[in-house]
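Working notes, structure below.
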Amino acid sequence: MWGDIAIAFVIAFITAFMTTPYTIKLARKLGAVDTPKDSRRINKVTMPRLGGLAIIAGFIVSVVYLILVMTLEKNTDLNLEEYKIKLIGFLVGSLVIGIVCFIDDVRGVPAWIKLIVQVLAAAIVVSSGILIDSIKLPFLNVEADKVFSVLLTIGWIIGITNALNLIDGLDGLASGISIISCLSLLMIFSLNGSPLIAIILITALGGALVGFLPFNFNPARTFMGDTGSNFLGFCLSIISILGIAKTYTAIVIVAPLIVLALPVFDTLFAIIRRIIKNKSLKAIMKPDANHLHHKMLKKGFTQRQTVMILYGISASLGMFAIVLLESGIWKALSFLLLVVGIIALGYKEFFRQKLISADEQDIIEYVDKNAKVRDSEK
């Protein structure tokens with residue numbers, strides 16, 4: 001199994017890494033660029049935004065290759081007969097999302113049309129048999145009826161898809177958080193005895209993201225665009241369902257939500273904030289500059305500082321989910337409390353000095369500032 005996992009990662013990584021420069025050229029040729037035309041945009045220069053195509057290419061090439069090879073080898077662990085229709089539904093839904101978002105990156109598509117397309121893509125996936133059909137929580141054991149199961153699954157897919165899209169606001173933020181989520185889910189699936197197909201899918205997605213990140217990390221050379229962010233959210237939402245499909249225990253169901261908690265709660269707060277501010281449900285579709293990363297930038301953090309802090313939060317949540325699954329609630333809580341305690345100890349000094357520098361200018365300013373402080377103390 002681990003050999004197949006390594007192959008899935010390496011092929012996805014190489015494909016995405018080698019394909020990304022071509023997506024940059026294609027974006028410039030088609031005019032699919034992000035221009036800093038309002039205060040909500042962080043980039044200061046025009047940026048190509050079709051990097052998501054490289055992520056999709058890496059993912060698909062890796063998964064298709066492994067499925068073909070393992071089928072020829074007659075590998076029974078893959079259990080392709082059980083998942084064949086589900087994989088087709090997953091692929092078709094991903095293509096629907098990818099095509100419409102590609103058009104959006106090139107020419108622009110109204111938000112309400114993208115929402116309808118997301119519902120359609122989610123419905124295609126659900127019709128293929130990918131469903132959350134059982135919920136087991138403490139003091140609650142529910143076999144969901146068909147209607148509730150369909151609505152819950154569609155809601156989950158649309159919610160995670162938009163959560164990744166909304167958090168894609170800084171160089172490397174969405175791609176880095178998604179890598180951390182993939183790694184966390186890979187460990188959870190391995191511990192949980194999840195289907196091999198789910199493990200391969202999450203590994204391939206992680207590998208494609210690692211191949212893309214060098215071009216997307218600050219200072220970015222390209223953005224993933226809506227093509228990439230929607231595809232990422234769509235894939236993570238579905239793979240998480242496939243990964244827990246065999247064991248609907250309380251912890252396993254909650255684990256993907258914990259792993260993806262940062263983008264999920266940022267999205268929930270954005271919805272509540274927009275409704276309260278504008279007193280209208282239509283306001284949900286209106287973008288703003290009040291997401292968590294925007295607030296951190298307004299506090300004076302650089303892009304790199306903000307991204308690294310959010311990486312740390314996401315990694316802590318992922319580790320909390322893994323410890324919770326493997327060792328139980330008390331060890332997970334003690335881990336979380338220890339992390340919070342360590343952060344609390346260094347909070348004031350870290351925020352005062354801002355030692356994580358974005359560039360050499362930050363370092364110069366930091367040295368000059370502290371030199372003045374030392375001179376004043378003499």
Side-chain angles (χ1 to χ4, degrees), residues 40 42 111 115 118 122 132 135 137 151-170 172-185 188 226 229-230 232-241 243-244 250-278 281 283-299 301 303 305-325 329 332-333 335-337 339-340 343-344 347:
R40 189 172 59 86
I42 308 301
L115 180 60
Q118 289 173 2
I132 302 173
I135 303 172
L137 299 173
L151 293 176
L152 178 62
T153 306
I154 290 176
W156 169 257
I157 294 172
I158 294 173
I160 300 301
T161 299
N162 283 288
L164 264 296
N165 183 41
L166 290 176
I167 207 169
D168 183 29
L170 298 180
L173 181 56
S175 50
I177 286 178
S178 296
I179 289 172
I180 294 168
S181 299
C182 287
L183 180 59
S184 301
L185 288 173
I188 289 168
D226 274 9
S229 60
N230 279 262
L232 279 181
F234 192 75
C235 286
L236 283 170
S237 66
I238 295 166
I239 297 172
S240 65
I241 297 173
I244 65 172
I251 295 174
V252 174
I253 288 177
V254 172
L257 183 59
I258 297 173
V259 169
L260 298 166
L262 185 61
V264 167
F265 282 102
D266 184 55
T267 301
L268 288 176
F269 292 145
I271 291 172
I272 295 170
R273 180 179 65 245
R274 292 173 186 178
I275 292 175
I276 292 175
K277 182 178 179 180
N278 297 281
L281 290 175
I284 296 175
M285 298 289 188
K286 295 180 180 179
D288 60 25
N290 290 305
H291 290 283
L292 179 59
H293 53 273
H294 289 124
K295 292 181 182 296
M296 293 180 69
L297 290 173
K298 290 174 184 177
K299 289 287 185 180
F301 292 100
Q303 278 205 57
Q305 290 169 352
T306 300
V307 168
M308 294 306 294
I309 291 169
L310 295 178
Y311 280 1
I313 294 173
S314 185
S316 297
L317 290 168
M319 185 56 66
F320 175 79
I322 293 166
V323 176
L324 180 65
L325 176 63
I329 185 66
L333 285 175
F335 161 77
L336 192 61
L337 287 173
V339 171
V340 172
I343 292 173
Y347 176 85

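Note that this is a predicted model, so its numbers are computed, not measured. Along the sequence shown, residues carry numbers from 1.
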Compare all side-chain heavy atoms of [X] with those of [Y] and state whether any distance is below 4.5 angstrom.
{"X": "Ile179", "Y": "Leu183", "result": "no"}
{"X": "Pro263", "Y": "Asn165", "result": "no"}
{"X": "Ile160", "Y": "Ile238", "result": "no"}

Under the 3.5 angstrom rule, does the side chain of [X] hit a backbone N or O of [Y] as a donor-acceptor pair?
{"X": "Ser314", "Y": "Leu310", "value": "no"}
{"X": "Asp266", "Y": "Leu262", "value": "no"}
{"X": "Thr153", "Y": "Ile132", "value": "yes"}

Where [X] and [Y] come nearest, the two heavy atoms and their spacing:
{"X": "Phe335", "Y": "Phe320", "result": "CE2-N, 3.7 Å"}
{"X": "Trp156", "Y": "Ser240", "result": "NE1-OG, 3.3 Å"}
{"X": "Tyr311", "Y": "Leu173", "result": "CE1-O, 3.9 Å"}
{"X": "Ser178", "Y": "Leu232", "result": "OG-CD1, 3.5 Å"}
{"X": "Ser184", "Y": "Gly318", "result": "OG-CA, 3.4 Å"}

Sort out for me which residue in Ile158, Ile157, Leu152 forms a side chain to side chain contact (heavy atoms under 4.5 Å, CB included) with Ile154.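 Per the side chain to side chain contact (heavy atoms under 4.5 Å, CB included) rule, the option paired with Ile154 is Ile158, out of Ile158, Ile157, Leu152.
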
Under the criterion side-chain contact (heavy atoms from CB on, under 4.5 Å), I'd like the reasoning laid out for Leu185 against Ile239: C-alpha separation, chi angles, the key distance, then a yes or no. CA-CA 9 Å; Leu185 288 173; Ile239 297 172; 5.8 Å; no

After noting the C-alpha distance and the side-chain angles of Thr267 and Ile167, does the key distance pass the side-chain contact (heavy atoms from CB on, under 4.5 Å) rule? CA-CA 8 Å; Thr267 301; Ile167 207 169; over 6 Å; no

Reported CG-to-OG distance for the pair Leu336 and Ser316, which is rounded to 0.5 angstrom: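 Here the interatomic distance stands at 7.5 Å.
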
Val259 vs Leu317, test: side-chain contact (heavy atoms from CB on, under 4.5 Å). Steps then yes/no. CA-CA 6 Å; Val259 169; Leu317 290 168; over 6 Å; no

